[in-house]
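Values below: every heavy atom of this structure, side chains too, minus hydrogens, waters and symmetry copies.
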Amino acid sequence: IQGRLAHDTRCVFARFSEGLRMKVEHVTSGGGENAKGGAGTGRRFGVACDIGTTTLACYLVDASGGLIGSASAKNPQASRGSDVISRVVRASAGANALEELTREVRGAVAGLVSALAEGAGLDMSGCDTMVVAGNSVMELLFMGVSPASLGSSPFTLPIRSFEPRPAGELGLAPVPDETPVHALPLMDAFVGGDTAAVIYEVTEEAILRGEEHLTRLVMDLGTNGEIALLHRGEATVCSTAAGPAFEGVGIKCGMPAVAGAVSAMISDGGSLYCRTVGGAPARGLCGSGLVDVVALLLREGVLTEDGAMDGRAPSFLAGRIEGSGRDRRFVLCESAAGAVAVWQSDVRKFQLAKGALQAGVDLLLAHCGLTARDVDECVLAGAFGSAIRHDSLVEIGLLPAALSGRVRSIGNGAGLGAVRILRDGEEGRARVERLAREARHIRLETAPGFQELFLESLRLSPNQAEIPRQKPASG
């Protein structure tokens, strides 16, 4: 089966690369000033990959640790379902279904790496190491392991740590067959190697800055909604099914944060302005834009705390509400591509995502005997976290009001962590293995009080409540 899968993966790569649609963030031809060995054949470099449910990101790093280039593309598995549970269900349909999902993601990663190397003028024979991070389901699928045990209670991992595998065995051509592929350790059923990478990045950066003593709340605002609390040298983690709304998926005018996506809203009390990615004409709405719209409508009274659009509100924005019932929508702007709007159903999906994350934060703090006032810094990871205005997250209640002014975005923390682990070599991989092994885990689905917190968190209003302290539980 492995041999056939490797062959089929090469075929998928050929098809993927023909119509490759990727976003290149940075490419340095020849590998940058710190490159060793000259460009082209013989240049040594490594690859770090972040395999997200929605997006794939790859980074090329030269022998001296310098970033050569990075690129991202849509995960082709998204056509099989927008969240991890849908992928689990699909992969559990049989061996052929699992192989299909594995082929797709391997082929896409190989295509990204090859295109990046070609753009930098590098020969693929110089690729000597790969580090792969992803949530638990994505890593299992990439490594060809069935995630079926994550489809039902008690949600157990089939494996927590992976032995390095040669690229040839995984069918990652044109990556050299002998190149070792290191998949990062999984922390819990739905807390994967991507969270381990984010924590590694934040922790190592804190050590370098002499700030390792600070208490940090770390959040990856993606589909899987991982949250970690770093306190007194310990990491406590959980995940919550936020869904893909924050990435623009499942929203009627939703789209990724690419050119033409409305990413922010500005009102001067009489006019409404849409800010788009790249300044291009508006084509849709990405996650950060959705948060900004909800926060603005809430502030103006056009959206009630229970999420209902109110066309009778004393605001000029009320005149932009059209339709009724499920067809009720708020029109942001008109363009040649048509109207960009937020529907009432979009707000409901947003409330579910926001409520899950807010309840997860509150319960995690309570579990550790802390409140938001005890947190020195909140670190947001992920593409959505890097684009959103922090004040909007506080306005809608996703972040506790006590964290206002103490929020920092780091972009793709999983990608940054994977790159740092790649640079740190064997020592870095050993440290992240230890980090994943020693972290404490909370299962929100069975945690006392989570459902009540979740229902309370659906309300759109600043989160002022202080959660009663609890004694930390072992886990």
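Sorted by first and then second residue, the salt bridge (Lys or Arg N to Asp or Glu O under 4.0 Å) pairs with a member in residues 180-200 read Arg160-Asp188, Asp188-Arg443; sequence neighbours excluded. Legend: salt bridge (Lys or Arg N to Asp or Glu O under 4.0 Å) pairs involving residues 135-156, not counting sequence neighbours: none detected.
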Before you tell me yes or no, could you show the steps for Arg420 and Tyr200 under side-chain hydrogen bond (donor to acceptor under 3.5 Å, both in side chains), namely the whole-Å CA-CA distance, both residues' side-chain angles and the distance that decides it to 0.1 Å?
CA-CA 8 Å; Arg420 190 182 290 270; Tyr200 186 91; over 6 Å; no
Output, in order, the C-alpha distance, side-chain angles, deciding distance and verdict of side chain to side chain contact (heavy atoms under 4.5 Å, CB included) for Met187 and Leu435.
CA-CA 9 Å; Met187 303 180 76; Leu435 181 158; 4.0 Å; yes
Under the criterion side chain to side chain contact (heavy atoms under 4.5 Å, CB included), I'd like the reasoning laid out for His441 against Val191: C-alpha separation, chi angles, the key distance, then a yes or no.
CA-CA 9 Å; His441 318 109; Val191 184; 5.6 Å; no
I'd like to know whether Lys252 forms a salt bridge (Lys or Arg N to Asp or Glu O under 4.0 Å) with Asp346, so could you lay out the CA-CA distance, the side-chain angles of the two residues, the decisive distance to 0.1 Å, and finally the verdict.
CA-CA 7 Å; Lys252 287 196 176 183; Asp346 297 333; over 6 Å; no
Please walk me through it: do Arg429 and Glu433 pass salt bridge (Lys or Arg N to Asp or Glu O under 4.0 Å)?
CA-CA 6 Å; Arg429 294 194 296 272; Glu433 286 279 354; over 6 Å; no
Just do the side chain to side chain contact (heavy atoms under 4.5 Å, CB included) check on Phe450 and Thr240 with the steps written out, would you?
CA-CA 11 Å; Phe450 175 73; Thr240 180; 4.2 Å; yes
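The line from NZ of Lys354 to CG of Leu290 is 13.0 Å long, rounded to the nearest 0.5 Å. Atom CD1 of Ile85 sits about 7.5 Å away from atom CG of Leu150, to the nearest 0.5 Å. A distance of 14.5 Å separates CZ in Arg165 from OG1 in Thr179, rounded to the nearest 0.5 Å. One finds the CG atom of Asp50 at 10.5 Å from the CG atom of Asn75 (value rounded to the nearest 0.5 Å). With rounding to the nearest 0.5 angstrom, the CG atom of Leu393 is 6.5 Å from the CG atom of Leu380.
Side chain of Ser149 to main chain of Thr156: a donor-acceptor pair is present (N/O by atom type, distance under 3.5 Å, no hydrogens or angles).
Residue Arg209 places its CZ atom among more than 12 non-hydrogen atoms of other residues, nucleotides or ligands, all under 6.0 Å distant. Other residues, nucleotides and ligands contribute at most 12 non-hydrogen atoms within 6.0 Å of the CD atom of Glu118.
Arg389 pairs by the side chain to side chain donor-acceptor pair (under 3.5 Å) definition with Asp292, not counting sequence neighbours.
For the residue pair Asp220 and Thr195, no side-chain donor N or O sits within less than 3.5 Å of a side-chain acceptor on the partner.
Salt bridge Arg408/Glu205: present, at least one basic N to carboxylate O contact under 4.0 Å.
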